[in-house]
There are 2 protein chains.
Amino acid sequence: MVTYAINKEKLEKAAYILKTVAHPTRLAIIDLLNINEKMGVTEICEILNCEQSLISHHLINMKLRGILKSEKDGLNVYYSLKEKDVTKLIECIENCDCNM
Amino acid sequence: MVTYAINKEKLEKAAYILKTVAHPTRLAIIDLLNINEKMGVTEICEILNCEQSLISHHLINMKLRGILKSEKDGLNVYYSLKEKDVTKLIECIENCDCNM
DNA sequence: TTTATACATGAAAATATCATCATATAAGCA
DNA sequence: TGCTTATATGATGATATTTTCATGTATAAA
């Protein structure tokens, strides 16, 4: 007989987090915020060479899903990682130099 | 000036892997194969209480994307993890009991 | 008090993913 | 040979995600 490790709820939560993160642009944003602590929207757009509206959508989405937080200062909105833990994922992936 | 850590190619690769894995059923399969080494399709279907055709699609997809491998023995096809590294991801997520 | 800047929003179009069904193939067995 | 079991396949429809575009709002500055 087989043991079944993770329960359904946990699997769904994990899949949800992974899905949120499983996108090149969003990974790039997380990566940037891992190095830079706080960044404004326009700054991110410029570095990633991506449209403002699209970046905004991604940022808001990740904020909504609990991965980022934001703080307003005048005209600017600064985004940062909410849980540093997310970067563990990135590290995993970076180290994971397997033939995938 | 800002440093940009991971290159585009690596980000796309990482997102690709994450996307492949970011699904409750596929996470469950990986989890099962982490415990059980090798498993037949029907067996997986029964444990996950899921239709054969759907599980087959998932399995083949994950194999295609380099996460699983398979080996045929008579009527059965046994699937197993190709790179044990994938489970590091899962462990990350499991440990990552943050408020996400 | 107009104008410019930084960001958000929402709808629509483009695209990708998932689940289902019906059927195919391949191996083993009566 | 014909039947059964285990798995694969492929088309289709249902859904979800991503991108784009056009526009809205808030703040600052002239």
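First the proteins, then the strands, lettered A, B, ... as listed; each starts at 1.
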>> Please give me every residue in residues 53-60 of chain B whose heavy atoms get under 4.0 Å of an atom in DNA chain D, ordered by residue number.
In response: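 Residues of residues 53-60 of chain B under 4.0 Å from DNA chain D: Ser53(B), Ser56(B), His57(B), Ile60(B).
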For residues [X] and [Y], determine if any side-chain heavy atom of one lies less than 4.5 Å from a side-chain heavy atom of the other.
X        : Y        : value
Glu43(A) : Leu32(A) : no
Lys82(B) : Ile67(B) : no
Leu11(A) : Lys8(A)  : no

Within the sub-3.5 Å range, which N or O atoms of nucleotides 12-14 of chain D have a protein N or O partner, and how far apart are they?
none

> Going by atom types only, do Lys63(B) and Ser70(B) share a side-chain donor-acceptor pair under 3.5 Å?
Replying inline: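 The answer is yes; a qualifying pair exists.
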> Under the ring pair (Phe, Tyr, Trp, His ring centres under 6.0 Å) rule, what pairs show up with a residue in residues 26-57 of chain B, not counting sequence neighbours?
Replying inline: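 Found none.
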>> Filter on ring pair (Phe, Tyr, Trp, His ring centres under 6.0 Å), then keep only pairs touching residues 30-52 of chain B, sequence neighbours left out; what's left?
In response: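 Passing the test, one end in residues 30-52 of chain B: no pairs.
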> With a 4.0 Å cut-off on heavy atoms, is Tyr78(B) in touch with a base, just the backbone sugar-phosphate, or nothing at all?
Replying inline: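 Nothing: the residue Tyr78(B), judged by heavy atoms under 4.0 Å, touches no strand.
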> Shared ILVMFWY cluster between Ile44(B) and Ile47(B), side chains joined below 4.5 angstrom?
Replying inline: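 They do share one cluster, since a chain of ILVMFWY contacts under 4.5 Å joins Ile44(B) to Ile47(B).
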> Do Leu68(A) and Ile60(A) belong to the same hydrophobic cluster, where Ile, Leu, Val, Met, Phe, Trp and Tyr are linked whenever their side-chain heavy atoms lie under 4.5 Å apart, directly or via other members?
Replying inline: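 Yes, same cluster.
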In residues 16-24 of chain B, what donor-acceptor pairs under 3.5 Å come from side-chain atoms, sequence neighbours left out?
from     : atom 1 : to       : atom 2 : distance (Å)
Thr20(B) : OG1    : Tyr16(B) : O      : 2.7
Thr20(B) : OG1    : Arg65(B) : NH1    : 3.1
His23(B) : ND1    : Thr25(B) : N      : 3.2

>> Once salt bridge (Lys or Arg N to Asp or Glu O under 4.0 Å) is applied, do any residues pair with Lys38(A), and if so which ones, sequence neighbours excluded?
In response: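 With neighbours one apart ignored, the set is Glu71(A).
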> Taking only residues two or more places apart in sequence or in another chain, which ones pass side chain to side chain contact (heavy atoms under 4.5 Å, CB included) with Leu54(A)?
Replying inline: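 Expected list: Cys50(A), Glu51(A), His58(A).
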>> Just to verify, what does Val41(A) make a side chain to side chain contact (heavy atoms under 4.5 Å, CB included) with, not counting sequence neighbours?
In response: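 Testing Val41(A) for side chain to side chain contact (heavy atoms under 4.5 Å, CB included), a comparison that skips the adjacent residues, returns Cys45(A), Gln52(A), Ile55(A), Ser56(A), Leu59(A), Tyr79(A).
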> Along nucleotides 23-30 of chain D, 5' to 3', which nucleotides get a B, which get an S, and which get a -, given that the test is a protein heavy-atom distance under 4.0 Å?
Replying inline: ---BBS--
> End-to-end bend of the helix from dT1(C)-dA30(D) to dA30(C)-dT1(D) (five-pair axes, 10° rounding)?
Replying inline: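 The value is 10°.
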> Can you tell me how far the OG atom of Ser80(B) sits from the NZ atom of Lys69(B), to the nearest 0.5 Å?
Replying inline: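 Ser80(B) OG to Lys69(B) NZ: 4.5 Å, rounded to 0.5 Å.
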> Which value, rounded to the nearest 0.5 Å, describes the distance between Ile30(A) atom CD1 and Leu27(A) atom CG?
Replying inline: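 One gets 5.5 Å once the value is rounded to the nearest 0.5 Å.
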> What pairs with Thr42(B) under side chain to side chain donor-acceptor pair (under 3.5 Å), at least two apart in sequence or on another chain?
Replying inline: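 Per chain and number, Thr42(B) pairs via side chain to side chain donor-acceptor pair (under 3.5 Å) with no residue.
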> Earliest and latest nucleotide of DNA chain C, 5' to 3', sitting under 4.0 Å from a non-hydrogen atom of chain B?
Replying inline: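 Contact span on the strand: dT17(C) to dG28(C).
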From [atom1] of [X] over to [atom2] of [N], roughly how many Å is that when rounded to an integer?
X        : N       : atom1 : atom2 : result
Asn61(B) : dT7(D)  : CG    : P     : 18 Å
Glu46(B) : dT5(D)  : CD    : C1'   : 12 Å
Lys19(A) : dT17(D) : NZ    : C1'   : 9 Å

